[in-house]
Enquirer: 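Questions regarding the structure given below will be posed in turn.
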Amino acid sequence: MPTFQAPRGMRDLLPEEAAAFDALQAVIEARALRYGYPRIATPIVEDRGVFTKSVGEASDIVGYEMYDVSLHGQGGLVLRPEGTAAVTRAFLEHGLHRAPRPVRFFYYEPMFRGQRPQLLRYRQFWQWGLECFGPEEALADVEIVDFTARLFAEVGLRSYELEVNTIGDAKCQPKVKEALASYFAKNRDALSDESKERLERNPLRILDSKDPKDRALVAAAPQMHELLCAEDREHFAQVIAGIERLGHQYKVSQTLVRGLDYYTRTVFEFVLTDREFTKSGDIAVAAGGRYNDLVQTLGGPPVQGVGIAGGVDVLHAALKKEGVRMGGATEADVYVLSAEKADGADRLQIADPLRQAGFNVAIDYSDRPLDKQLESAVKHGAKVAVIRGTPEARGGNVIVRDLVAKTQRVTRLAAVVTEVGRHVPKHRTPPLYEGPSNPDEHEPGAAGEAPFLKDDRD
RNA sequence: GCGGGAUUAGCCUAGUGGUUAAGGCCCCAGAUUGUGGAUCUGGUUAGACGGGUCCGAUUCCCGUAUCCCGCCCCA
């Protein structure tokens with residue numbers, strides 16, 4: 001029995017799953033770049049205040065879901081429970097509120113919340129996210145929804161639906177809360193105990209209560225959109241028009257509110273609809289919204305923003321359920337074996353040019369009989385065995401054996417790379433630098449277009 | 001954080017208040033002085049952890065841990 005185990009709600013990603021997470025990151029990050037959202041990485045640990053100020057003192061995340069971090073008894077630090085506030089902190093710390101707007105970020109990072117683990121709810125979980133600082137235009141909200149819908153289409157997620165709503169801005173939200181609070185206060189006795197508390201803390205949250213008692217009251221409550229200002233309604237109308245124009249399926253839910261205090265106006269959730277995931281209530285695969293006051297809340301100038309966060313663990317599970325394959329091979333294509341004992345250096349020497357050439361090559365370290373080594377190579381998923389040390393594989397020759405076709409040929413050492421290449425693919429090493437090519441190399445008219453137009457003012 | 005269920009080897013499953021806890025898969029080795037996934041034989045590995053009841057517990061009870069379900073909340 002293991003003496004240690006991973007902490008509650010935290011798990012290991014074994015190679016296959018880790019590869020899937022890497023693949024998801026690559027796809028999401030590439031798309032983010034295509035939308036103009038470069039990656040930012042912030043520390044896993046942040047000042048507690050970053051979240052208490054932004055997410056809301058009264059929210060559960062801040063209340064009791066944050067992990068304290070201390071060094072030599074010096075506290076005040078927490079494991080970040082979400083990305084938006086952390087990215088906003090970085091945005092301000094580096095003076096990026098003075099950078100050309102909008103300022104856009106993508107992130108893909110683990111988050112930590114001390115919540116009770118449940119289906120697809122972990123204490124350490126991965127989120128991808130987008131943050132856009134600057135624009136007040138509804139277009140930015142629409143683009144983020146568009147990003148997510150097209151991302152899900154690209155990776156093959158089908159069973160989800162999109163819900164959108166608006167909850168008003170700083171001027172308006174207090175009025176909405178007040179109106180709802182007074183309505184629910186009048187019917188206080190009919191509310192669930194939970195909602196009686198919510199009445200004090202955040203009456204908006206009563207709207208998405210699951211309790212049947214509350215739901216009846218909510219159904220008869222004043223409609224959110226009737227309580228909002230004209231500007232909020234207009235902004236929301238533009239969001240809806242944009243989503244519609246792009247042909248994305250959506251549903252307006254006037255009871256959709258979010259648990260984080262910083263949201264203003266637009267809020268949205270992408271919720272899984274597969275039965276396996278709806279058994280236990282809604283599971284969001286991505287959610288976000290507009291946060292027009294967050295930057296100010298954290299001590300910056302008035303800069304509006306909008307963003308989204310998606311659960312990688314959730315997305316991974318949903319895609320798996322839909323039969324989508326993710327991640328590259330985790331096993332070497334080529335195995336180097338030998339019938340000779342204690343010739344490890346020779347095996348490494350054979351492997352080296354193959355590796356240089358881009359093949360994934362593993363070595364059998366043992367002096368076991370050749371049949372054992374072959375069996376082991378097959379069990380490790382190898383497609384090709386390179387065998388040395390047999391009578392025919394001497395004097396500068398090795399055997400290259402196709403383990404799938406069960407055919408082989410004796411090959412000169414100098415030709416091993418070529419021969420192996422007939423059976424398994426080479427893998428490209430990602431470039432260390434992927435910048436613009438030398439502009440001087442560009443030849444005007446090379447693609448058939450006319451040479452650069454001359455500017456008459458010159 | 002609150003409530004309910006579960007926990008037998010690396011994995012899946014059986015069984016029992018009483019001597020060496022069973023089987024399958026996996027893993028290791030041998031049959032096969034060396035070309036594989038089969039077969040046969042052998043081997044390693046277990047009742048989450050800590051208490052209690054009892055002559056004796058893996059089996060009954062309690063606590064703790066983890067997982068699952070519901071609530072809260074949320075990606």
Enquirer: Quick one about A/Ser159 and A/Glu322 (side-chain donor to acceptor, distance below 3.5 Å, no hydrogens or angles considered), yes or no?
Expert: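 Side chains of A/Glu322 and A/Ser159: pair found under 3.5 Å.
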Enquirer: When the C1' atoms of B/C61 and B/C68 are considered, how many whole Å apart are they?
Expert: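 The answer is 24 Å between these two C1' atoms.
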Enquirer: Can you tell me the distance, in whole Å, between the CZ atom of A/Phe51 and the P atom of B/C74?
Expert: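 In whole Å, B/C74 P lies 15 Å from A/Phe51 CZ.
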Enquirer: Counting any heavy atom closer than 4.0 Å, what does A/Arg198 reach on the DNA or RNA strands: base, sugar-phosphate only, or nothing?
Expert: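 Sugar-phosphate: the residue A/Arg198, judged by heavy atoms under 4.0 Å, touches backbone atoms but no base.
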Enquirer: Report the base-pairing partner of B/G1 (Watson-Crick or G-U wobble, both distances below 3.5 angstrom), or none.
Expert: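 B/G1 is paired, partner B/C71.
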Enquirer: Assign A/Leu120 to base, sugar-phosphate, or nothing according to its heavy-atom contacts below 4.0 angstrom with the strands shown.
Expert: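 If one applies the 4.0 Å heavy-atom cut-off, A/Leu120 turns out to touch a base.
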Enquirer: Does a side-chain heavy-atom distance below 4.5 Å link A/Phe125 with A/Arg113?
Expert: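 A/Phe125 vs A/Arg113: side chains touch.
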Enquirer: Quick one: look up who B/A31 pairs with, Watson-Crick or G-U, both distances under 3.5 Å, and put none if it's unpaired.
Expert: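 Answer to the pairing question: B/U39, which forms a Watson-Crick or G-U pair with B/A31.
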Enquirer: With the side chain of A/Gln5 defined as its heavy atoms from C-beta on, choose the nearest nucleotide among B/U66, B/C73, B/C74.
Expert: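 For the A/Gln5 side chain, the nearest candidate turns out to be B/U66.
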Enquirer: Both distances below 3.5 Å, Watson-Crick or wobble geometry, any strand: find the nucleotide opposite B/U45.
Expert: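 Its partner: none found.
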Enquirer: Could you identify the nucleotide paired to B/G18, looking across every strand shown and requiring Watson-Crick or G-U wobble geometry with both distances under 3.5 Å?
Expert: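 Paired with B/G18, as far as the under-3.5 Å criterion goes, is B/C55.
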Enquirer: Provide the distance between the two C1' atoms, one in B/U13 and one in B/C73, to the nearest whole Å.
Expert: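 Roughly 37 Å separates the two C1' atoms.
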Enquirer: Mind checking if A/Arg123 touches a base, just sugar-phosphate, or nothing, with heavy atoms under 4.0 Å?
Expert: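 The answer is nothing, as A/Arg123 stays clear of every strand by at least 4.0 Å.
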Enquirer: How should the glycosidic conformation of B/G18 be described, syn or anti, under the criterion that syn lies within 90° of 0?
Expert: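 Anti, since the glycosidic angle lies more than 90° from 0.
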Enquirer: Determine the interatomic distance between C1' on B/U64 and the same-named atom on B/A6; round to the nearest Å.
Expert: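 Rounded to whole Å, the distance is 15 Å.
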Enquirer: Does either side chain, that of A/Thr407 or that of A/Asp402, offer a donor lying less than 3.5 Å from an acceptor on the other one?
Expert: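 Short answer, no.
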Enquirer: Can you check the A/Met10 CE to B/A65 P distance for me, whole Å?
Expert: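 One finds 15 Å between P of B/A65 and CE of A/Met10, rounded.
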Enquirer: Taking CD from A/Glu163 and C1' from B/C74, how many angstroms apart are they, rounded to a whole number?
Expert: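 Between C1' of B/C74 and CD of A/Glu163: 15 Å.
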Enquirer: Under 3.5 Å, is there a donor on one side chain and an acceptor on the other for A/Arg80 and A/Thr42?
Expert: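 A/Thr42 and A/Arg80 do have a side-chain donor-acceptor pair below 3.5 Å.
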Enquirer: On RNA chain B, compare the nucleotides closest to A/Phe125 and A/Arg121; which residue's is nearer the 5' end?
Expert: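 The residue whose closest nucleotide sits nearer the 5' end is A/Arg121.
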Enquirer: Write down the distance separating the C1' atoms in B/A48 and B/A9, rounded off to the nearest Å.
Expert: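 13 Å, rounded to whole Å.
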Enquirer: Can you figure out which of B/A75, B/C72, B/C2 approaches the side chain of A/Arg116 most closely?
Expert: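 Closest nucleotide among those given: B/C2.
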Enquirer: Considering only atom P, compute the distance from B/U16 to B/C11 and round it to an integer number of Å.
Expert: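 Comparing P positions in B/U16 and B/C11 gives a spacing of 23 Å.
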Enquirer: Are there more than 12 heavy atoms of other residues, nucleotides or ligands under 6.0 Å from atom CD of A/Glu154?
Expert: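 Enclosed: over 12 neighbouring heavy atoms sit under 6.0 Å from CD of A/Glu154.
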Enquirer: Would you say the side chains of A/Asp214 and A/Ser195 form a donor-acceptor pair under 3.5 Å?
Expert: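 A/Asp214 vs A/Ser195: donor-acceptor pair found between side chains.
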Enquirer: Can you see if the side chain of A/Arg205 gets near the phosphate of B/C74 - specifically, an N or O under 4.0 Å from OP1 or OP2?
Expert: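 Answer is yes, contact under 4.0 Å.
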Enquirer: Nearest whole Å is fine: how far is B/C74 C1' from A/Asp208 CG?
Expert: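 Between C1' of B/C74 and CG of A/Asp208: 11 Å.
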Enquirer: Roughly how many Å apart are B/A22 and B/U58, using the P atom of each and rounding to a whole number?
Expert: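 The answer is 15 Å between these two P atoms.
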Enquirer: Both distances below 3.5 Å, Watson-Crick or wobble geometry, any strand: find the nucleotide opposite B/U7.
Expert: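 The answer is B/A65, by the H-bond criterion.
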Enquirer: Starting at atom CZ of A/Phe277, determine the distance to atom P of B/G70, rounded to an integer number of angstrom.
Expert: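 Spelled out: CZ on A/Phe277 to P on B/G70 is 13 Å.
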Enquirer: Within the 3.5 Å criterion, strictly below it, is a donor on A/Tyr160 or A/Asp274 matched to an acceptor on the partner's side chain?
Expert: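 No.
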Enquirer: For A/Asp364 and A/His380, does a side-chain donor sit closer than 3.5 Å to a side-chain acceptor?
Expert: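 Distance-only check fails for A/Asp364 and A/His380.
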Enquirer: Closer than 3.5 angstrom, by distance alone: can the side chain of A/Ser209 be matched with the main-chain N or O of A/Ile206 as a donor-acceptor pair?
Expert: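 It does not hold such a pair.
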Enquirer: A/Lys383 has an atom NZ; how far is it from atom C1' of B/G37, in whole Å?
Expert: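 Computing the A/Lys383:NZ to B/G37:C1' distance gives 13 Å.
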Enquirer: Calculate the interatomic distance between A/Gln124 atom CD and B/C67 atom P; express it in whole Å.
Expert: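 For the pair A/Gln124 CD and B/C67 P, the rounded distance is 13 Å.
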Enquirer: In whole angstrom, what separates A/Phe152's CZ from B/A75's P?
Expert: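 Atom CZ in A/Phe152 sits about 13 Å away from atom P in B/A75.
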Enquirer: Between the protein and nucleotides 28-36 of chain B, which nitrogen or oxygen pairs are less than 3.5 angstrom apart?
Expert:
residue: B/G34; atom: O2'; partner: A/Leu370; partner atom: N; Å: 3.2
residue: B/G34; atom: O6; partner: A/Ala339; partner atom: O; Å: 3.2
residue: B/U35; atom: O2; partner: A/Arg401; partner atom: NE; Å: 3.3
residue: B/U35; atom: O2; partner: A/Gln408; partner atom: OE1; Å: 3.0
residue: B/U35; atom: N3; partner: A/Gln408; partner atom: OE1; Å: 3.0
residue: B/U35; atom: N3; partner: A/Gln408; partner atom: NE2; Å: 3.4
residue: B/U35; atom: O4; partner: A/Glu392; partner atom: OE2; Å: 3.4
residue: B/G36; atom: N7; partner: A/Arg401; partner atom: NH2; Å: 3.2
residue: B/G36; atom: O6; partner: A/Arg401; partner atom: NE; Å: 3.1
residue: B/G36; atom: O6; partner: A/Arg401; partner atom: NH2; Å: 2.7
residue: B/G36; atom: N1; partner: A/Leu403; partner atom: O; Å: 2.7
residue: B/G36; atom: N2; partner: A/Leu403; partner atom: O; Å: 3.2

